[in-house]
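Side-chain atoms are counted along with the backbone in the values below, which use heavy atoms only and exclude waters and symmetry mates. Lettering of chains follows the sequences in order, A, B, ..., and the numbering in each one begins at 1. This is a predicted model, so every value here is computed, not measured.
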Amino acid sequence: MTTVSLPDGTPLELAAGATGADAAAAIGAGLARAALAVKQDGVVQDLAAPLADGARIEVITERSGQDALDLIRHDTAHVLAAAMLDLYPGVKISIGPPIEHGFYYDFEFPDGVTFTDADFERVEAEMRKHVKADEPFVRDDVTVAEALERFRAEDQPYKVELIEDLVAGDGVEHVSLYTNGPFTDLCRGPHAPSTKRIKAFKLQSVAGAYWRGDASRQQLTRVYGTAFFSKDDLEEHLRRLEEARARDHRRLGPQLGLFAFSDISPGAAFWLPHGTRVYNALIQLSREMGEERGYTEVNTPQLYDAELWKTSGHWGKYREHMYVTESEGRPLGLKPMNCPGHAHLFGLQQWSYRDLPARYSEPGLLHRDELSGALHGLLRVRRFCQDDAHVFCTEEQIQEEVTSCLDFAFATYAVFGFDRIGIELSTRPDERLGDDALWDHAEGALEQALAAHGLSYAINAGDGAFYGPKIDLHLEDSLGRSWQLGTVQLDYSMPARFGLTYTGADNADHTPVMIHRALMGSYERFIGILLEHTAGELPVWLAPVQALVLPIADRHAGVAAGVRDELRRAGVRADLDARTESVGRKIREAELRKVPYMLVVGDREAEDGTVAVRRHGEGDEGSVAVAEIAGRLAAITAARSA
RNA sequence: GCCGACGUAGCUCAGCUGGUAGAGCACUUCACUCGUAAUGAAGGGGUCCGGGGUUCGAGUCCCCGCGUCGGCUCCA
C-alpha cells in the first residue's frame, strides 16, 4: 500500500507502486482526463512517476497556474525541436527550457542556412502536425554510455557535452530521455502526457545566444515562443505585450516632449525643456534628502590623467569602455564613474577620525563606451548622471553607514510609491582586488546590514564590483525586465590604493573604508523606469507642466496670463495656452500631454478672480479662486505629496 | 561586439512582382472668438538612413557602413 495526502490533507490509499495517473484516476475520471502531471512534495513529476509513500501530492491540470504553463511550454519547446529536425536536416540541438512567459530552444544550423522570423510560419505548421498527432511524451532512463552512444550517432555534440559534464560534475550514471513522435531529447522532464495538451502556441522571435552563455564559444540561434491552454489566453498575452508598448519610455519621452535621441550621439539623450525640468527636480530631491542626512556636495573634474585610473584599477579593467584622449602627450580619460575623483579629493585634505564619516555626493556626469548592442533607451546609455555619493568612514562606522544608505534608498523610492524592489547581494567576482579576508569581512558587513533591516534578498554570486561586494536594488520595466537602480558597495581596496588616511584617537594613521552608493542609480534610468511605471502620468509635484492656463477666447488672454504669473510666483510650473483655438482642442491636447491641472478662464472666471479647475483624466471640478489653487499646487510641490 | 529584424515628411504609417513618392496628425496662412478630449478651408514640406553596385531605369534587388528594436554577452 502507498498512502499519499491530497492538498486539503485528505489521505488517499493506493496500491503499492501506484503512479500520479493512478492517483488522479482514484480521485475521479474527470481529473484523470485533465491531469497533466503530479506534484509530489513540491516537485512536479510525470503522471507516470511512481508515488512515494507519505508524499503530499497535487494533481497538476490546466488550472494549476505557472506549474501547468511551464509544463506545456517545455512540451512546446520539444515539439519545436522535433519540427526543426524535420525541416532542417543536420541542425544541432542544444537546450530548450520554459522561461517566465514562454520558452526557447537553441539550435545550430548547418553552414549557409540562416533562420529568420519569416520561417516561423512553416515551422509552426510543422509543429501543429505534431500537436495534432497527439504524440505521447515517453520517458526512458538509460545509462550514460547508452545516451552518449545515441547522441554521438545522431551527431548531436551539444547533447554529448551536456552528458559528459553531468558525469564530470555530478557523477551521474543514468540520464533520462524523453521521446515525442520522432524526436528524442536529453531531458530531466517533467512533461505532460502528450503533445495534444498544447492548445495554443506562437513563435515570437529569433536571437543569437552563446552556447552556455559564454561569448567565447559558438553562437547558437535561439528561437523564442510561448504557449497557453487556450487561444484566448494566448491572444490576451499578446494584447498585454502590445499595451506595454504604449508605456515604453522611448515612445513616451518624445511624445511628451521630455527627451529625444539622435543618430549623431548614440546612447546619449537630448533633454528637451520639459524633460530638463523633471531631471532637475530629481536632482533637487537628491540634494534635499542628502542634506537632511549629512551629505555634502562636491564637484570634481571630468577629465583625469590616466594615472588616476591606473591607481584605481579601472585602466587595467575597463579601459576599453572608457573614452580616452590626450593633451600635450599626456593621456587623459573621461570619467566613467566618480569614485576615483572622490578618493583623490579626500586625499587632498587632512583628516581626523573626528571628521568621519565624510559623505561626498555629486550628480556627476559620466561617460561609458557601452557596446552598441547593449544600448536601450534611457535605461542603458553612454552618457548619464548618477545620484552618486561616497562615504569615507572608520571600520566601526560601516554598519551604521550601510544601514542608513539602505534607509535613504527606501525613503527615495517611497516618494514615488515604488515598493516592488528586488534586493540582491552581489559577492566577490573572479577578477578582484584585495585578499579573501577583506572580502569575507566586507560581505559579512553587508549581510548584517540586510539582516538588520529584516530584508529578504537573493545572492548574486560572483557579481560584485572588482573592489568590493554590493547590495543592488532592482525595479522592473513595463515588460517585466529587471533593471538595477540603487547600489550600495563596500570598498576596502580603493582607499588603500589611493593611500588615504586619517589620524585616529591613537594619533596613528589609519585607512578609511569607502562606501559607494547611488540610489536612483542614474537620473536617466530612473526617469525611464518612472515613465514606464506611471505610463507618463508623472506625480503632480514632478510634472514638467503642473498647470496649464486655458483662456476661452482671445479677450481672456490677459487675465489668463495674470493667472499663470501668479501661479509661477507661488512656485508652480505653470504655462499658458493662448492660441486662438477652441477650448475643446486645448483641453484635448493638454489631456494628451498628461498635464495634471487645466485651469480654464472665461468671462465668469475673469469676472470673479477664479479659474475652472479640470484635473487630468477626471473632468471639470468647478471654480476655485486663483490664490487658492496656487496655494494648493505650491503645497503639493513642496510636500512632494502627489 | 554577436544573431535576427527594421530604417519612407516633425510623428504614426501606406507604397504589389523595379517604371521617377502618398495618407492622417503636426506645421504655415486665412476665416471663425469659441465653456471642458479634434472649427473649417487653402498651402508648404521628402538627399525614401549613408555609400557603393546591378539595371535603360532602384524607395523597391545585391554588398558595405551607421542607427534603432528583440535577444545574447557585458554592465566599474
B:C61 -> Watson-Crick or G-U wobble partner, both distances under 3.5 Å, gives B:G53
A:Arg585 has its side chain closest, among B:C75, B:A38, B:G70, to B:A38
pair_partner(B:A23), Watson-Crick or wobble, both distances < 3.5 Å, evaluates to B:U12
Have a look at A:Gly619 and say if it touches a base, only the backbone sugar-phosphate, or nothing, with a 4.0 Å heavy-atom cut-off.
nothing
**Item:** Donor-acceptor pair under 3.5 Å, A:Arg222 side chain vs B:C72 base
**Value:** no
The nucleotide from B:C34, B:A5, B:A76 with an atom nearest the side chain of A:Tyr467 is B:A76
Here the distance between atom C1' of B:G40 and atom CD of A:Glu581, to the nearest Å, is 11 Å
* Give A:Asp554 one of three labels, base, sugar-phosphate or nothing, depending on what nucleic acid heavy atoms sit under 4.0 Å from its own. => base
Any strand, both distances under 3.5 Å, Watson-Crick or G-U wobble: B:G70 pairs with B:C3
hbond_proxy A:Tyr210 side chain to B:G1 base (donor-acceptor, 3.5 Å cutoff): yes
Of the candidates B:C72, B:U39, B:C34, the side chain of A:Tyr224 sits closest to B:C72
Practice item. Answer with base, sugar-phosphate or nothing: what part of the nucleic acid does A:Gly584 contact at a heavy-atom distance below 4.0 Å? Key: sugar-phosphate
Checking B:G70, B:G4, B:G35 against the side chain of A:Arg604 (C-beta onward), the nearest is B:G35
Base, sugar-phosphate, or nothing: which does A:Arg251 touch, judged by heavy atoms less than 4.0 Å apart? nothing
Check your understanding: Contact class for A:Gln204 vs. all strands (heavy atom < 4.0 Å): base, sugar-phosphate, or nothing?
Key -> nothing
Picking from B:U68, B:A76, B:U39, the nucleotide nearest the side-chain atoms of A:Met322 would be B:A76
For the residue pair A:Arg383 and A:Tyr523, would you count it as a cation-pi contact if the rule is NZ or CZ under 6.0 angstrom from the ring centre and within 45 degrees of the ring axis? no
Closest to the side chain of A:Leu371, out of B:G1, B:U36, B:G70, is B:G1
Winner on side-chain proximity to A:Ala209, out of B:A76, B:C72, B:G4, is B:C72
Note: for A:Val601 and A:Val206 on RNA chain B, the residue whose nearest nucleotide lies more 5' is A:Val601
Checking B:A76, B:G35, B:U36 against the side chain of A:Pro336 (C-beta onward), the nearest is B:A76
- prompt: Base, sugar-phosphate, or nothing for A:Thr116, non-hydrogen atoms under 4.0 angstrom?
  reply: sugar-phosphate
Picking from B:A76, B:C34, B:C69, the nucleotide nearest the side-chain atoms of A:Ala465 would be B:A76
In the structure I gave you, are the side-chain heavy atoms of A:Trp483 and A:Leu475 within less than 4.5 Å of one another anywhere? no
Review point. Is it the case that more than 12 heavy atoms not belonging to A:Glu607 sit under 6.0 Å from its CD atom?
Key: no
Checklist entry - Which part of the nucleic acid, if any, lies within reach of A:Ala612 when heavy atoms closer than 4.0 Å are counted: base, sugar-phosphate only, or nothing? => result base
Heavy atoms only, 4.0 Å cut-off, all strands: where does A:Arg555 land among base, sugar-phosphate and nothing? sugar-phosphate
Plane angle bin for A:His342 and A:His390 - parallel if under 30°, tilted between 30 and 60°, otherwise perpendicular:
perpendicular
Distance criterion of 3.5 Å, no angle test: do you see the side chain of A:Glu605 paired donor-to-acceptor with the base of B:G35?
yes
When A:Lys470 and A:His616 are each assigned the nearest nucleotide of RNA chain B, the 5'-most assignment goes to A:His616
Using a heavy-atom cut-off of under 4.0 Å over every strand shown, decide if A:Asp214 touches base, sugar-phosphate, or nothing.
-> nothing
If pairing means Watson-Crick or G-U wobble with both distances under 3.5 Å, then the partner of B:G40 is B:C30
task: Flag the pair A:Trp309 / A:Arg319 as yes when at least one side-chain heavy-atom distance between them is below 4.5 Å, and no otherwise.
output: no
Closest to the side chain of A:Arg614, out of B:U33, B:A37, B:A76, is B:A37
- Message: Categorize A:His321 for me: base, sugar-phosphate, or nothing, with a 4.0 angstrom heavy-atom threshold over every strand shown.
- Response: base
Under a plain distance cut-off of 3.5 Å, with no hydrogens placed, do A:Asp491 and A:His516 share a side-chain donor-acceptor pair? yes
(Q) Whether A:Arg517 engages the ring of A:Phe408 as a cation-pi pair (distance to the six-membered ring centre under 6.0 angstrom, angle to the ring normal within 45°) should be assessed. (A) yes
